[in-house]
Amino acid sequence: MTVRQSIVFNGDLGSGKSTVSVEIAKRLGMRRVSVGDLYREMAQQRQMTALQLNLHAELDQAVDGYVDQLQRDIAASGEPLIMDSRLAWHFFTDALKIHMITEPGEAARRVLARPSGPAESYASLEEAKAKLRERSASERSRFIIRYGVDKARLRNYDLICDTTRASATEVIEHIIAAYEGTLGAEVLRDGPLLLLDPARVYPTDDIATLRGLWDTDFVGDVAEAGDEALEPLKIGFTGEYFFVVDGHRRLSAALQNGFTLVPAHLVAEVDEPVVGGMTAIDYFAAQVRPGLVYDWEAAHKIELPLPEPALLRGDAVLAGDPGVGA
């Protein structure tokens with residue numbers, strides 16, 4: 001893969017974008033620009049919270065217009081830099097586009113632990129979760145209506161990284177490896193490369209029918225080689241849940257070795273077909289049953305939340321639907 005000039009970060013609130021982007025900027029000797037910091041300054045100037053500014057921006061296009069033009073000017077300058085912005089991926093073409101995700105409860109805990117300010121403060125974990133969800137939904141709805149793009153669509157990005165359990169150091173090393181072309185180069189050519197928390201990926205086959213899960217030689221070989229050498233899993237995404245299309249044995253070995261990240265290739269998301277014309281949502285609903293999840297949890301000593309009944313009935317709202325978050 002040809003090294004791209006810039007790296008642009010987007011992702012969940014509380015996913016660690018600031019921590020990771022600051023350190024990568026230092027490591028690569030690049031200037032860092034944070035649109036989030038700019039929005040927080042704008043919120044303080046207007047004596048608003050960050051959520052209030054987001055809701056205000058749905059009605060006042062001048063808020064986004066100023067920031068959008070700033071990003072266009074920076075992208076056009078050709079300066080190699082690190083950009084922390086929830087919409088930079090839309091404005092930058094020659095850049096590695098990174099989307100960071102994390103489990104909502106973990107995101108809320110991280111945000112709650114930050115020093116609070118007038119633009120962003122929460123009284124409890126539940127309030128933090130609710131307001132983060134509301135802010136994200138407001139942004140998503142605004143971007144769909146105003147720009148015709150869905151920030152939740154994974155194919156907008158080159159690399160998706162789940163930071164739920166991975167340390168900042170692990171995340172930074174993996175991103176730099178991908179930027180320099182030593183990690184996931186083949187997957188990145190077709191994109192996107194997923195770096196997922198193996199403890200948040202759902203199985204789609206009964207553990208009793210899978211062969212070689214407990215092959216100690218294979219598990220040992222995986223441990224010796226490390227997660228970056230693991231053949232990428234083939235993964236589907238419902239818009240909320242990641243699931244295995246191919247690679248249960250590799251996923252199991254990653255869990256047995258305590259890996260916090262595994263490389264994967266996105267086969268289908270949301271309404272894209274997995275096999276035989278069956279969409280990712282329909283495939284997940286058909287394959288993932290409570291008993292299958294319980295057995296996988298027990299075998300690997302992890303906890304996977306049972307999917308929402310609405311999803312299992314196949315009536316989940318699709319990513320990209322303008323009504324989401326409205």
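Quick note: numbers below take in every heavy atom, side chains included, and nothing from hydrogens, waters or symmetry partners.
Judged purely by atom type and a 3.5 angstrom limit, Glu170 uses its side chain to pair as donor or acceptor with the backbone of Ser167. A side-chain donor-acceptor contact under 3.5 Å links Glu269 to the backbone of Arg155. With Tyr179 contributing its side chain and Gln5 its backbone, the two residues share a donor-acceptor pair below 3.5 Å. Using modelled atom types, no side-chain atom of Ser252 and backbone atom of Arg249 make a donor-acceptor pair closer than 3.5 Å. Side-chain atoms of Lys97 do not come within 3.5 Å of backbone N or O of Val8 as any donor-acceptor pair. His248 places a side-chain N or O within 3.5 Å of a backbone atom of Thr204 that can act as its donor or acceptor partner. The closest donor-acceptor contact from the side chain of Asn257 to the backbone of Val219 lies under 3.5 Å. In this structure, Arg32 contributes its side chain and Leu81 its backbone to no donor-acceptor pair below 3.5 Å. When atom types are taken as modelled, the side chain of Asn156 and the backbone of Asp150 share a donor-acceptor pair closer than 3.5 angstrom. Judged by distance alone, with hydrogens and angles left aside, the side-chain atoms of Ser21 form a donor-acceptor pair with the main-chain N or O of Ser18 at under 3.5 Å.
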* Determine, step by step, whether Asp84 and Asn10 satisfy the side chain to side chain contact (heavy atoms under 4.5 Å, CB included) criterion, reporting the C-alpha distance in whole Å, the side-chain angles of both residues, the deciding distance to 0.1 Å, and the verdict. => CA-CA 6 Å; Asp84 180 353; Asn10 169 46; over 6 Å; no
* Can Thr238 and Val270 be said to form a side chain to side chain contact (heavy atoms under 4.5 Å, CB included), step by step? -> CA-CA 5 Å; Thr238 67; Val270 190; over 6 Å; no
* To do: Go through the steps for Arg135 and Leu13 under the test side chain to side chain contact (heavy atoms under 4.5 Å, CB included), then give the verdict.
  => CA-CA 9 Å; Arg135 276 179 62 188; Leu13 298 159; 3.4 Å; yes
* Would Trp89 and Met83 count as a side chain to side chain contact (heavy atoms under 4.5 Å, CB included) if you check the C-alpha gap in whole Å, the side-chain angles of each, and the deciding distance to 0.1 Å? -> CA-CA 9 Å; Trp89 57 269; Met83 194 82 180; over 6 Å; no
* Run the salt bridge (charged side-chain N to carboxylate O under 4.0 Å, His left out) check on Asp271 and Arg153 step by step: do they pass? -> CA-CA 11 Å; Asp271 51 358; Arg153 204 77 176 184; 2.8 Å; yes
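Under the side-chain contact (heavy atoms from CB on, under 4.5 Å) test applied with Ile235, the options Leu196, Val267, Val245 reduce to a single match, Leu196. Partner of Tyr202 under the ring-ring contact (aromatic ring centres under 6.0 Å, His included) criterion, out of Tyr241, Trp296, Tyr294: Tyr241 alone. The only member of Arg110, Glu103, Lys17 that meets side-chain hydrogen bond (donor to acceptor under 3.5 Å, both in side chains) when paired with Thr163 is Arg110.
Remark: Asp158 CG to Asp190 CG distance equals 11.5 Å, nearest 0.5 Å. Within the model, atoms CG of Asp73 and CZ of Phe91 stand 10.5 Å from one another, a figure rounded to the nearest 0.5 Å. The distance from atom CZ of Phe9 to atom NE2 of His99, rounded to the nearest 0.5 Å, is 13.0 Å. The CD1 atom of Ile24 lies 4.0 Å from the CD1 atom of Ile175; values are rounded to the nearest 0.5 Å. Leu159 contributes atom CG, which lies 5.0 Å from atom CD1 of Ile98 (distance to the nearest 0.5 angstrom). To the nearest 0.5 Å, atoms CD1 (Ile82) and CD (Glu23) are separated by 11.0 Å.
When all heavy atoms are compared, the tightest approach of Ile160 to Leu154 is CD1-O, 3.7 Å. Of all heavy-atom pairs spanning Leu304 and Pro203, the tightest one is CD1-CD, 4.1 Å. Taking all atoms of both residues into account, the shortest heavy-atom contact from Cys161 to Val171 is SG-CG1, 3.9 Å.
By the 4.0 Å N-to-carboxylate-O rule, Asp12 lies too far from Lys129 to be salt-bridged with it. Salt bridge absent: Lys131 and Glu134 never bring a charged side-chain N and a carboxylate O closer than 4.0 Å. Checked for salt-bridge contact, Glu173 and Arg27 meet the test: a charged N lies under 4.0 Å from a carboxylate O.
Between Phe243 and Gln287 the shortest side-chain heavy-atom distance does not fall below 4.5 Å. Between Asp246 and Leu233 there is no side-chain heavy-atom pair separated by less than 4.5 Å. Considering only heavy atoms from C-beta on, Leu87 comes within 4.5 Å of Asp68 through its side chain.
Among residue pairs with one or both ends in residues 191-208, those qualifying as salt bridge (charged side-chain N to carboxylate O under 4.0 Å, His left out) are Asp162-Arg200, Arg165-Asp197; sequence neighbours excluded.
A single hydrophobic cluster is not seen to contain both Val22 and Leu28; linkage of ILVMFWY side chains at heavy-atom distances under 4.5 Å, directly or through other members, places them apart. Note on Phe242: it does not cluster hydrophobically with Leu292, by side-chain heavy-atom contacts below 4.5 Å among ILVMFWY residues.
Checked against a 6.0 Å centroid threshold, the rings of Phe237 and Phe284 do not count as neighbours.
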